[in-house]
Amino acid sequence: MPKHLTDAQIQSYGRDGFCSPIDVMSEAAAMDLRQRLENAEARFPDALNPHQRNNTHLSFSVIDEIAHHPVILNAVEDIIGPDIVIFGTVLFIKEPGDPGFVSWHQDATYMGLEPHDGITAWLALSPSTVESGCMSMLPGTHLDHIHDHKDTFAENNILTRGQAIDVGADMAAIDLVLRPGQMSLHHPRVVHASQPNASDHRRIGVVIQQYLPHHVRETKGEGLVQWARGSAVPSHHTEMPRPLGDMEPDGIAWREHVNGVWSDILYENADQKRAF
Ligand SMILES: O=C(O)CCC(=O)C(=O)O
């Protein structure tokens, strides 16, 4: 018996490569988390900004709590099983009127995680609508192999390499509209994108990328993970601790280390490296 998802949601994940919307918490609870995140942004602007968006769960208790949220983990367990580790997190925040966009891509392309059995959770802490640049998915594309990606390094493309797949004109994309406190789950190979934020409010996505079952390995570098649920972290990974508070020295050191490892993995053989 599933812990959080309905049978129909589990089936839609298998068929489409994503599942949305999933209720995680009330809108009021999401607004509290948003307030805590925005307080942390105001207090530590050098550690939380568009260039410092990776693995904030290692240094900020609000993101740590989200990454370990029992409802999110229940839903993830319904798809990948009871032994779960956290590979990383990314804050995808688009400011009001932000031209930042995400081109069509498959997450699995550069991450080195094999096999592609992990899952990404995208939690909204503000309304994520078509106007504010929600994610769009091409259903069923998780059943494809990895498509050719072209590195564009386009200025407003907020993906590391600005990597893009040419999907043609007649694709039938599904927009994942979420209220604060809802999330989507997606497969590492599903093709997805998002448009600029044309609204007058922030679009805040806290993304756990990815939750992994134990048999998934990092093949391009050190596999640094955090225990989330189930049996102990397997020995092919290096285990990272949860932070004891905001910006404490151990958390800062682990975050710097894993972000360096990520940079080498994500920019492998790239012509240039960006700051995120
Ligand atoms: O938040 C976005 O607009 C894109 C996020 C994304 O590509 C992802 O979570 O894999």
Side-chain angles (χ1 to χ4, degrees), residues 13 16-22 24 30 34 37 49-50 53-57 63 66-67 72 75-76 79 86-113 116-139 141-142 146-147 149 151-152 154 156-165 167 173-180 182-199 201-212 262 265-266 274 276:
Y13 184 86
D16 299 328
F18 61 88
C19 173
S20 181
I22 299 165
V24 174
R34 173 181 176 163
L37 172 62
N49 62 56
R53 64 183 189 183
N54 292 340
N55 295 308
T56 56
H57 67 298
I63 308 300
I66 291 171
I72 298 180
V76 167
I79 308 275
I86 295 168
F87 182 70
T89 59
V90 184
L91 296 181
F92 277 106
I93 299 178
K94 294 179 189 164
E95 301 298 335
D98 196 332
F101 71 98
V102 166
S103 47
W104 294 107
H105 70 286
Q106 291 165 301
D107 296 336
T109 311
Y110 298 104
M111 294 183 82
L113 295 170
H116 302 156
D117 291 339
I119 190 168
T120 293
W122 198 108
L123 177 75
L125 293 188
S126 69
S128 190
T129 61
V130 173
E131 191 190 17
S132 68
C134 65
M135 280 198 298
S136 306
M137 301 269 156
L138 295 186
T141 47
H142 65 305
I146 295 289
H147 290 258
H149 286 65
D151 291 353
T152 70
N156 291 322
N157 191 325
I158 59 175
L159 287 179
T160 45
R161 302 163 171 245
Q163 61 266 33
I165 300 173
V167 297
I174 307 283
D175 297 319
L176 306 191
V177 173
L178 301 172
R179 67 145 173 89
Q182 287 182 323
M183 70 168 175
S184 57
L185 293 174
H186 71 261
H187 187 282
R189 274 198 317 270
V190 73
V191 176
H192 59 290
S194 72
Q195 299 300 314
N197 180 0
S199 79
H201 63 81
R202 300 184 94 191
R203 194 222 62 168
I204 304 176
V206 177
V207 184
I208 299 91
Q209 191 157 60
Q210 305 165 14
Y211 291 106
L212 306 178
W262 272 32
I265 291 173
L266 295 174
R274 297 206 270 200
F276 49 87

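Count residues from 1 along the sequence. Counting starts at 1 for both ligands and their atoms, following the listed order.
Every atom of ligand 1 with a heavy atom of H105 under 4.0 Å away is listed here by number and element: 7 (O). Less than 4.0 angstrom separates some heavy atom of H186 from each of these atoms of ligand 1: 8 (C), 9 (O), 10 (O). Remark: ligand 1 atoms within the under-4.0 Å shell around heavy atoms of D107 are 10 (O). Numbered from 1 in the order shown, with element, the atoms of ligand 1 that lie under 4.0 Å from a heavy atom of V207 read 9 (O). Each of the atoms 3 (O) of ligand 1 lies under 4.0 Å from some heavy atom of K94. Contact atoms of ligand 1 toward H192: 6 (C), 7 (O), 8 (C), 10 (O) (distance under 4.0 Å to a heavy atom of the residue).
For the 3.5 Å distance criterion, the side chains of S136 and D175 qualify, holding a donor opposite an acceptor.
When every heavy atom of F101 is checked against every heavy atom of S194, the shortest pair comes out as CB-O, 3.4 Å.
Annotation: atom 3 (O) of ligand 1 to nearest protein heavy atom, S194 OG, 2.6 Å.
P188 places a side-chain heavy atom less than 4.5 Å from the side chain of Q210. Counting only heavy atoms from C-beta outward, the side chains of W122 and S128 approach each other to under 4.5 Å. Between R202 and K94 there is no side-chain heavy-atom pair separated by less than 4.5 Å. For the pair T141 and Q106, the minimum side-chain heavy-atom distance is 4.5 Å or more.
Tested against T109 for a side-chain hydrogen bond (donor to acceptor under 3.5 Å, both in side chains), the candidates H147, R189, H149 yield a single pass: H149.
Inclusion of T120 in the set of residues having an N or O under 3.5 Å from an N or O of ligand 1 is not warranted.
Looking at R203 against ligand 1, only its side chain comes within 4.0 Å, counting heavy atoms.
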